[in-house]
Q: 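I'd like to ask some things about the structure below.
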Amino acid sequence: MAGKVTQLALVDCNSFYCSAERVFRPDLKTTPIVVLSNNDGCIVSRTAEAKALGIKMGVPWFQIKDFAEEHGVVAFSSNYELYSDLSNRVMTILSSYSPRSEVYSIDECFVDLTGTPRLRDVTYEMHERVLKWTGIPVGVGVGSTKTLAKLANHVAKTHPRSKGVFNFNDLSITQQEKLLRQIPVDEVWGVGRKLTKRLVSHGVTTAYDLKIANTAVLRSEFGVVMERTQRELQGIQCIDLEDMQAPKKQMLRSRSFGKPVTNLHVLLDALSVFTTSAVQALREQHSTTSLIQVFLMTNRHRQDQPQYNPSMVIPLPTATNDTQVVYQWVSHLAELMWKDGYAYAKAGVMLGELAPESNQQFDLLEPRQRSNSKLMVAIDGLNARFGKGCVRVSTGGIFSEWGMKQQRKSPAYTTSWSHLPVI
DNA sequence: TCTCCGATTAGAC
DNA sequence: CTAACGGTCTAATCGGAGA
């Protein structure tokens, strides 16, 4: 057993949101597709065909709409119910391959395949099975660390000969070096735009350069994160597989409005929806909050209009996960910050200082808050059974003015999808 | 001088 | 017709305030 090579797979869905839309639209099999962010703002997913047209990630849709439509690109508003349903199916399949796996994001999963017999066959089988059972194409990259698995996944997706599967551990030392020399440093996990610029100015342009850079210099110039990345490239595990999902340390709900908000009641309506969602998520992970922040923002892209971006934080004497208690503070802060004469483009509620429910501390000087936990449990139950939003707090979203712009959303396939038998 | 804290930065997806 | 540029989350780092 000792010295056995770690075989860590990273499975990543190809153009996940686009692929999810395609599952229910086989007629678009070869059509360029893009999926847009909230409010139909930016490109957040694109198929290979859309990439081939030169459509870049993150570009505002309005800037390329005409070009895209001329080239037959089909655009969808994002449909998160659909994507999370499909994601769950993919993750269920993948986690059946190992007792140790980590759902890293909606479209990515690390799977520890160390010691798996006939590993090569198994990785190809994963690739085929996910496609066959869900309709979602994936890439499988294997390496001895998370960073190398990520890099291998990149190779699996970009190198046509890999057929969607690539194991970095199958290479000889010489082959590994040759490969890493071909990979630009910005493809390395944890190296973003800013760091790429600085690394290049130090002569580090490829993954290989980073791997063999002077560790002490790297550490002092770029910090501990970069040092970890380097170690990972060298095959030394620094980033562990996180089997258990850790509870979130903060909950944020914010949204840009479909059109500017100029009325306090409409703002409060939006904030009540954000609060409800954030506090429900809080209860789902059995946490409480004792720090509430509310912020409002005008449209920073409109320099011709007056700008106002207030934010207020309030520490609570007693931790809570009661929607009504939180909303009382949220609305209070919002009313304090509200000023007429501004066109608000976005707002948000952030809950901080999250702590486990069980550890609840009571402030001896404050009157003990009446616990509404039974009411909250009942509300969560009703909303789960009869649909989200069936029981609301405050106005809870009855105003439609602030809602998202979503002109291109695909139908609710998931409604019927959820009635299908589980594979 | 050290420590703590909030704000800022950078990254992932 | 015009205007139109995402949302959540974590961790490290920086700089000032207070001990």
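Here is how names work: the chains are called A, B, and so on, in the same order as the sequence lines, proteins then strands, and each is numbered from 1. Bear in mind the structure is a predicted one, so any value in this text is a computation, not a measurement.
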Q: Describe the nucleic acid contact of A/D40 in one word from base, sugar-phosphate, nothing, applying a heavy-atom distance below 4.0 Å.
A: nothing

Q: Among B/dA12, C/dC9, C/dG6, find the nucleotide with the atom closest to the side chain of A/C42.
A: C/dG6

Q: Write down the partner of B/dT3 under the Watson-Crick or G-U wobble criteria, each distance required to be under 3.5 Å.
A: C/dA17

Q: Which atoms form the tightest heavy-atom contact between A/K146 and A/E242, and what is the distance?
A: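 So the minimum-distance heavy-atom pair works out to NZ-N, 4.2 Å.
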
Q: Taking the side chain of A/K249 as heavy atoms from C-beta outward, which of C/dT10, C/dT8, C/dC5 is closest to it?
A: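 Comparing C/dT10, C/dT8, C/dC5 against the side chain of A/K249, the answer is C/dT10.
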
Q: Which part of the nucleic acid, if any, lies within contact of A/K346, taking any heavy atom under 4.0 Å across all strands shown: a base, the sugar-phosphate backbone alone, or nothing?
A: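 A/K346: backbone/sugar contact only, no base atoms under 4.0 Å.
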
Q: Distance between the P atoms of B/dA12 and C/dC5, in whole angstroms?
A: 24 Å

Q: Check whether more than 12 heavy atoms from other residues, nucleotides or ligands sit under 6.0 Å from atom NZ of A/K51, and answer yes or no.
A: yes

Q: To the side chain of A/R302, which of C/dA4, C/dC5, C/dT8 is closest?
A: C/dA4

Q: B/dT8 P sits how many Å from A/Q293 CD, rounded?
A: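 One finds 11 Å between P of B/dT8 and CD of A/Q293, rounded.
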
Q: Once you measure the plane-to-plane angle for A/H71 and A/F67, does it fall in the parallel (<30°), tilted (30-60°) or perpendicular (>60°) bin?
A: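 Aromatic pair A/H71/A/F67 classed tilted.
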
Q: Under 6.0 Å between the ring centres of A/F274 and A/Y327?
A: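 Here the rings of A/Y327 and A/F274 have centres that are no less than 6.0 Å from each other.
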
Q: A/F62 has a side chain; which of C/dA12, C/dA4, C/dT10 sits nearest to it?
A: C/dA4

Q: Without decimals, in angstroms, what is the distance between A/K409 NZ and C/dG6 C1'?
A: 15 Å

Q: With heavy atoms under 4.0 Å as the rule, sort A/K405 into base, sugar-phosphate or nothing.
A: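 Here A/K405 touches no strand at all.
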
Q: Under 4.0 angstrom, heavy atoms only, what part of the nucleic acid is A/V191 near: base, sugar-phosphate, or nothing?
A: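 Sugar-phosphate, backbone atoms only, no base.
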
Q: Base, sugar-phosphate alone, or nothing: which one does A/Q250 contact when heavy atoms must sit under 4.0 Å apart?
A: base

Q: For A/R255 and A/Q63, take the nucleotide of DNA chain C holding the closest heavy atom to each; which residue's nucleotide lies nearer the 5' end?
A: A/Q63

Q: Answer yes or no: does a side-chain N or O of A/S37 lie under 4.0 Å from OP1 or OP2 of C/dC5?
A: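 Checking A/S37 against C/dC5: no side-chain N or O falls below 4.0 Å of OP1 or OP2.
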
Q: Check whether any side-chain N or O of A/R228 sits under 4.0 Å from OP1 or OP2 of C/dA11, and answer yes or no.
A: no

Q: Assuming nearest nucleotide by heavy-atom distance, tell me which of A/S254 and A/N299 is located more 5' along DNA chain C.
A: A/N299

Q: Taking atom C1' of C/dA3 as reference, at what distance in whole Å does atom CG of A/D66 sit?
A: 13 Å

Q: Examine the side chains of A/Y208 and A/Q176 and answer whether a donor and an acceptor come within less than 3.5 Å of each other.
A: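 On atom types as modelled, these side chains do not qualify, holding no pair under 3.5 Å.
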
Q: Between P on C/dA4 and CD on A/Q305, what's the gap in Å once rounded to a whole number?
A: 7 Å

Q: Round to the nearest Å and state the distance from A/I239 atom CD1 to C/dA11 atom P.
A: 12 Å

Q: Output the single nucleotide from C/dA12, C/dG7, B/dA12 whose closest atom is nearest the side chain of A/W189.
A: B/dA12

Q: C/dA11 C1' sits how many Å from A/M226 CE, rounded?
A: 14 Å

Q: What is the separation between atom CD on A/E102 and atom C1' on B/dA12, rounded to the nearest whole Å?
A: 13 Å

Q: So which nucleotide from B/dG11, C/dC9, C/dT13 ends up closest to the side chain of A/L195?
A: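 Among B/dG11, C/dC9, C/dT13, the one nearest the side chain of A/L195 is B/dG11.
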
Q: Could you let me know what C/dA3 is paired to, Watson-Crick or G-U wobble, both distances under 3.5 Å, or none if it's on its own?
A: none

Q: Can A/T323 and A/R283 be counted as having a side-chain donor-acceptor contact under 3.5 angstrom?
A: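 Judged by distance alone, the side chains do pair up.
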
Q: Which nucleotide in the set B/dG11, B/dA12, C/dA11 lies at the smallest distance from any side-chain heavy atom of A/K194?
A: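 Nearest nucleotide to the side chain: B/dG11.
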
Q: Of the listed nucleotides (C/dA11, C/dG7, C/dC9), which one gets closest to any side-chain atom of A/R253?
A: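 Nearest to the side-chain atoms of A/R253, counting from C-beta on, is C/dC9.
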
Q: Taking the side chain as everything from C-beta on, heavy atoms only, tell me whether A/T320 gets closer than 4.5 Å to A/V326.
A: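 Answer yes - side chains close enough.
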
Q: Between C1' on C/dT2 and NE2 on A/H301, what's the gap in Å once rounded to a whole number?
A: 17 Å

